[in-house]
Structure formats: structure tokens, C-alpha cells
Amino acid sequence: MNDRSPVLDLISDSGRGSEAAILRAALQLYAERGFNGASMRDIARAADTSLSNLYNYFPSKARLLAELLNRANSILSAQVTSAVDTAGKDVADQLGAAVRAYVSFVADYQTAMLIALSEVRHLEGEERAQVVVERDRNQEIFEELVAAGAAAGVFTTPYPQDAARSILAMCSTIATWYRPEGRLTKQDLCDQHARYALALLECGADGR
């Protein structure tokens with residue numbers, strides 16, 4: 001398993017037989033080999049179950065991938081929402097808290113975020129639609145905060161919508177380069193990106 005990202009919280013034991021083992025195996029193999037490089041047989045073998053049993057839980061690789069991404073998006077949304085709700089009424093503080101929560105998630109679930117960045121393109125139809133709904137829910141949190149700050153004159157950028165998208169891109173791509181053993185602690189990473197986000201929005205460095 002890629003040890004950059006914990007999976008126990010992302011994939012907790014549901015009590016449904018082999019489901020958790022299958023999801024953990026899929027997460028590992030998608031990270032190591034990519035969606036196209038990991039077969040259902042490979043996943044069954046890594047999960048120590050039969051191919052027929054795997055199909056009892058998930059009818060396709062795409063369904064497995066969608067389940068992993070939906071779980072990740074759900075946790076991300078909960079963490080960001082909680083951070084905003086406890087940040088007080090100042091929109092700059094709320095935006096900073098949202099960024100810190102997002103970056104913290106990326107650092108904690110780096111493997112899942114890498115898969116989200118690189119493998120979502122393989123989803124189509126219903127599976128893709130479900131993932132997009134969850135992803136857009138997270139995006140809307142940031143867009144609403146930026147719009148509120150712009151309307152209040154706290155954020156003075158003339159490009160609030162573009163800035164919101166840029167903030168999300170900046171945070172999500174941390175997964176491609178961050179190393180826990182590097183010079184930045186997770187807290188440093190969170191604090192730096194909160195400052196970057198506020199600077200991009202043309203807000204004071206202290207959020208005022």
C-alpha cells in the first residue's frame with residue numbers, strides 16, 4: 001500500500017463481508033497501476049477473495065472506482081463544512097478554515113486524492129454523474145464563500161469565480177508533490193495555502 005495516505009477511515013469495516021477488503025485492494029491497485037492496469041481479477045486476488053464474490057459486491061471496475069471517490073468526497077465535504085461552521089462569522093476566517101480543512105484532507109488521504117485527479121476520466125454515465133455531484137458540492141462551498149466575500153468587499157479580486165477554481169486546483173494538486181517527511185509539516189502546509197488563497201482573493205494577509 002502507498003503509505004502516504006491512510007485508508008482505515010476512508011474504508012471502514014461495514015460488516016458486509018469482503019467489501020472493505022475489496023475497496024482497500026482497489027485503492028492500492030488503482031494507485032499503483034492506474035485504472036486500466038488493474039483488472040478485477042487482480043483486485044480479487046489482492047482482497048483474498050474469489051472473482052465471483054467480487055462481482056457480488058461490485059459489477060465493474062468503474063463501480064469500484066466511483067465508490068472510492070464518493071467516499072472520499074463525502075469525507076472531504078464533511079470536514080470542510082465543519083471547519084466553516086466553526087470558524088465564526090467573518091468570511092475571510094471561513095475561507096481560511098475551508099482551505100485548511102481541504103489541504104488537511106489532501107495530506108491525510110493523499111492516495112485517494114491522486115486517484116481522483118488521475119482516474120476520474122475513466123468514469124462514464126451514472127458512475128461519473130454520482131461522483132460529479134459530490135465533487136460539485138465541495139466546489140460550491142468555496143464558490144459561495146468567495147462570492148459572499150466579494151459582495152461584502154472583503155475580497156477585492158475582479159475575478160472571484162476564477163479565483164475560487166484556482167484555489168481548489170491549488171489545494172487538490174498538493175497530492176502530486178507533498179511528502180510528510182519533507183520540510184513542511186501538515187500544519188505548515190495548511191497555513192501557507194490559506195495565506196495563498198487569501199492573497200489570490202486580494203484580501204489582507206491576516207484576513208482583514
Side-chain angles (χ1 to χ4, degrees), residues 4-6 9-10 69-121 123 128-208:
R4 291 181 298 182
S5 174
D9 291 336
L10 180 65
L69 297 184
N70 283 332
R71 289 184 182 221
N73 280 326
S74 179
I75 293 170
L76 174 58
S77 179
Q79 291 184 359
V80 172
T81 299
S82 176
V84 172
D85 288 346
T86 57
K89 296 183 178 180
D90 184 275
V91 70
D93 290 342
Q94 292 174 344
L95 191 283
V99 170
R100 288 184 178 90
Y102 198 113
V103 172
S104 180
F105 173 88
V106 173
D108 286 341
Y109 298 97
Q110 193 171 1
T111 300
M113 181 57 72
L114 282 169
I115 292 172
L117 290 172
S118 64
E119 306 304 323
V120 68
R121 68 186 187 277
L123 294 180
R128 183 176 182 84
Q130 292 172 349
V131 171
V132 168
V133 166
E134 289 294 329
R135 183 193 64 192
D136 287 354
R137 185 173 293 122
N138 290 319
Q139 182 172 325
E140 286 168 4
I141 296 172
F142 284 85
E143 289 176 341
E144 289 171 2
L145 287 172
V146 170
V154 177
F155 305 146
T156 60
T157 174
Y159 315 110
Q161 292 181 331
D162 293 337
R165 287 192 292 270
S166 295
I167 289 167
L168 287 167
M170 173 181 69
C171 293
S172 61
T173 54
I174 289 169
T176 64
W177 59 265
Y178 176 64
R179 293 295 181 271
E181 68 277 10
R183 67 179 180 83
L184 293 176
T185 67
K186 186 174 79 169
Q187 189 61 55
D188 291 336
L189 194 70
C190 292
D191 291 342
Q192 277 194 14
H193 282 76
R195 289 177 66 89
Y196 295 157
L198 291 171
L200 185 63
L201 293 166
E202 300 183 35
C203 179
D206 63 354
R208 307 298 176 201

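Side-chain atoms are counted along with the backbone in the values below, which use heavy atoms only and exclude waters and symmetry mates.
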Enter the distance from [X]:[atom1] to [Y]:[atom2] here, rounded to the nearest 0.5 Å.
X	Y	atom1	atom2	value
Tyr109	Ile75	OH	CD1	4.5 Å
Gln130	Leu69	CD	CG	11.0 Å
Cys190	Ile174	SG	CD1	7.5 Å
Ser172	Asn138	OG	CG	11.0 Å
Leu145	Asp93	CG	CG	11.0 Å
Gln79	Ser74	CD	OG	10.0 Å

Heavy-atom closest contact ([X] atom, [Y] atom, distance):
X	Y	result
Ala164	Val146	CB-CG2, 4.0 Å
Val103	His193	CG2-CB, 3.9 Å
Ala175	Val106	N-CG1, 3.5 Å
Ala92	Val154	CB-CG1, 4.2 Å

Check against side-chain contact (heavy atoms from CB on, under 4.5 Å), Lys186 and Tyr178: CA-CA 9 Å; Lys186 186 174 79 169; Tyr178 176 64; 4.1 Å; yes
With the side chain counted from C-beta on, respond yes when [X] and [Y] share a heavy-atom pair under 4.5 Å apart, and no when they do not.
X	Y	result
Leu123	Val132	no
Leu95	Leu198	yes
Phe142	Val99	yes
Arg165	Leu168	no

Criterion side-chain contact (heavy atoms from CB on, under 4.5 Å) on Arg179 and Gln110, from CA distance to verdict: CA-CA 9 Å; Arg179 293 295 181 271; Gln110 193 171 1; 3.7 Å; yes
Donor-acceptor pair, side chain of [X] and main chain of [Y], under 3.5 angstrom:
X	Y	result
Thr156	Glu202	yes
Ser82	Ala78	no
Thr176	Thr173	yes
Ser104	Arg100	no
Glu134	Asn70	no
Arg128	Val120	yes

Full working for side-chain hydrogen bond (donor to acceptor under 3.5 Å, both in side chains) between Glu143 and Gln139: CA-CA 6 Å; Glu143 289 176 341; Gln139 182 172 325; 2.7 Å; yes
Full working for side-chain contact (heavy atoms from CB on, under 4.5 Å) between Tyr102 and Met113: CA-CA 11 Å; Tyr102 198 113; Met113 181 57 72; 4.2 Å; yes
Note: Asp188-Arg183 ion pair, threshold 4.0 Å (strictly below):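 No, Asp188 and Arg183 are not salt-bridged.
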Pair Arg137-Asn73, side-chain contact (heavy atoms from CB on, under 4.5 Å): steps then yes or no: CA-CA 9 Å; Arg137 185 173 293 122; Asn73 280 326; over 6 Å; no
Phe155: ring-ring contact (aromatic ring centres under 6.0 Å, His included) partners, not counting sequence neighbours: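 With sequence neighbours excluded, Phe155 shows a ring-ring contact (aromatic ring centres under 6.0 Å, His included) to no residue whatsoever.
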Gln161, CD: over 12 other non-hydrogen atoms inside 6.0 angstrom: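 It does not: Gln161 CD has 12 such atoms or fewer within range.
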